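Structure first, commentary second.
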Amino acid sequence: SQQGEEDPQALSIQEGENATMNCSYKTSINNLQWYRQNSGRGLVHLILIRSNEREKHSGRLRVTLDTSKKSSSLLITASRAADTASYFCATDVGNQFYFGTGTSLTVIP
Amino acid sequence: DAGITQSPRHKVTETGTPVTLRCHQTENHRYMYWYRQDPGHGLRLIHYSYGVKDTDKGEVSDGYSVSRSKTEDFLLTLESATSSQTSVYFCAIIAGEVQYFGPGTRLTVL
């Protein structure tokens, strides 16, 4: 399987704290993307980082990529209750996407 | 939602029966994908299409077939459903480099 792994599987934090989740993958990639899924819904794209980039920001999101370690991290700063969801990394390998197993984030008001 | 709909949204069927799930898009995207989502496995690619009548297998294609006779429709067929195919099925398209997902179909095989 080329599927990635995410760590931790579940994370519970207080509102206002930062949340960090990690993704490891197995193959060379064109880019890595992070998606969010609210319970019972389809996935929604959050941010894309290319293989030649090391860090990217979008609003309260910060993504890093280390291609030598085949790993990425997603940081959500100043979390809100509305950030409660599952978060997945996905690697783009020639128009085929491989998703991680996901991190379930709970933000407690 | 990039104009993606899936039908049916929920289905309960019995082992051994054929089942067809439909994905419909309204924006003429070339690539379409079928995934299944199971607890502990995230999303896994079943099949994808890169044009009318052009399809390829993903990592969990056994027991599934697909067809794409029109740009807007991508059909996923379980020829003889098994209990291991109980899952939530998502269709997706690519716009630019980003995938956009349909709302999902929850399939239960008894």
Side-chain angles (χ1 to χ4, degrees), chain A residues 1-10 21-27 29-53 56 58 61 63 65 72 74 85-105, chain B residues 1-7 9-10 21 23-25 29-51 54-62 66 68 74 87-108:
Chain A
S1 169
Q2 299 191 55
Q3 198 169 32
E5 296 266 340
E6 292 186 61
D7 171 58
Q9 288 188 335
M21 51 204 86
N22 305 295
C23 166
S24 60
Y25 58 91
K26 299 179 181 179
T27 65
I29 60 172
N30 297 325
N31 62 63
L32 185 142
Q33 304 180 31
W34 285 89
Y35 289 79
R36 164 193 169 127
Q37 183 180 35
N38 288 91
S39 180
R41 310 287 290 271
L43 278 71
V44 175
H45 179 258
L46 294 176
I47 191 166
L48 178 155
I49 185 165
R50 301 189 188 287
S51 59
N52 62 353
E53 297 177 310
K56 199 160 184 180
S58 176
L61 305 180
V63 171
L65 179 65
S72 174
L74 172 68
S86 292
Y87 292 82
F88 295 88
C89 65
T91 51
D92 178 358
V93 183
N95 288 314
Q96 290 198 46
F97 288 72
Y98 296 95
F99 285 81
T101 49
T103 293
S104 176
L105 173 65
Chain B
D1 64 357
I4 305 167
T5 57
Q6 293 184 232
S7 59
R9 295 293 314 280
H10 300 271
L21 309 183
C23 177
H24 179 77
Q25 55 135 334
H29 296 289
R30 180 183 172 194
Y31 281 83
M32 298 183 75
Y33 299 78
W34 276 108
Y35 293 91
R36 61 178 289 174
Q37 185 175 30
D38 305 288
H41 289 279
L43 270 75
R44 293 181 290 175
L45 179 64
I46 305 172
H47 282 278
Y48 69 101
S49 169
Y50 47 95
D54 292 322
T55 65
D56 207 349
K57 296 178 180 180
E59 61 178 323
V60 291
S61 60
D62 287 349
V66 289
R68 192 166 178 204
F74 191 32
S87 187
V88 180
Y89 291 85
F90 286 99
C91 173
I93 59 91
I94 285 184
E97 296 169 288
V98 173
Q99 287 207 307
Y100 294 88
F101 288 81
T105 294
R106 184 173 295 276
L107 176 67
T108 302

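Treat the numbers as computed from the prediction; the structure is a model and nothing was measured. Only heavy atoms go into these numbers, but all of them, side chains included; no hydrogens, no water, no symmetry mates. Chain letters run A, B, ... following the sequence lines, proteins first and then strands; every chain starts at 1.
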Subject >> Non-hydrogen side-chain atoms of B:F90 and A:R41 separated by less than 4.5 Å >> reply: no
**OP:** To the nearest 0.5 Å, tell me how far B:Y31 OH sits from A:Q96 CD.
**Re:** 9.5 Å
Subject >> Part of A:E6 lying under 4.5 Å from any heavy atom of chain B >> reply: neither
Original post:
Under a 4.5 Å heavy-atom cut-off, does chain B meet the side chain of A:L48, its backbone, both or neither?
Top reply: side chain
Original post:
How far does CZ of A:F99 sit from CG of B:L45, to the nearest 0.5 angstrom?
Top reply: 9.0 Å
Original post:
Centres of the B:Y48 and A:F97 rings: under 6.0 Å?
Top reply: no
Subject >> Interface moiety of B:Y50 toward chain A, non-hydrogen atoms closer than 4.5 Å >> reply: neither
Subject >> Test item: A:L43 and B:Y35 side chains (from C-beta on) under 4.5 Å apart, heavy atoms >> reply: no
Original post:
Got a second to check how far A:D92's CG is from B:I94's CD1, nearest 0.5 Å?
Top reply: 6.5 Å
Original post:
Roughly how far apart are A:N30 CG and B:E97 CD, rounded to 0.5 Å?
Top reply: 8.0 Å
Original post:
Of all heavy-atom pairs between B:Q99 and A:Q33, which one has the smallest distance, and what is that distance?
Top reply: N-OE1, 4.3 Å
**OP:** Could you walk me through whether A:Y98 and B:R44 pass the side-chain contact (heavy atoms from CB on, under 4.5 Å) test, one step at a time?
**Re:** CA-CA 7 Å; A:Y98 296 95; B:R44 293 181 290 175; over 6 Å; no
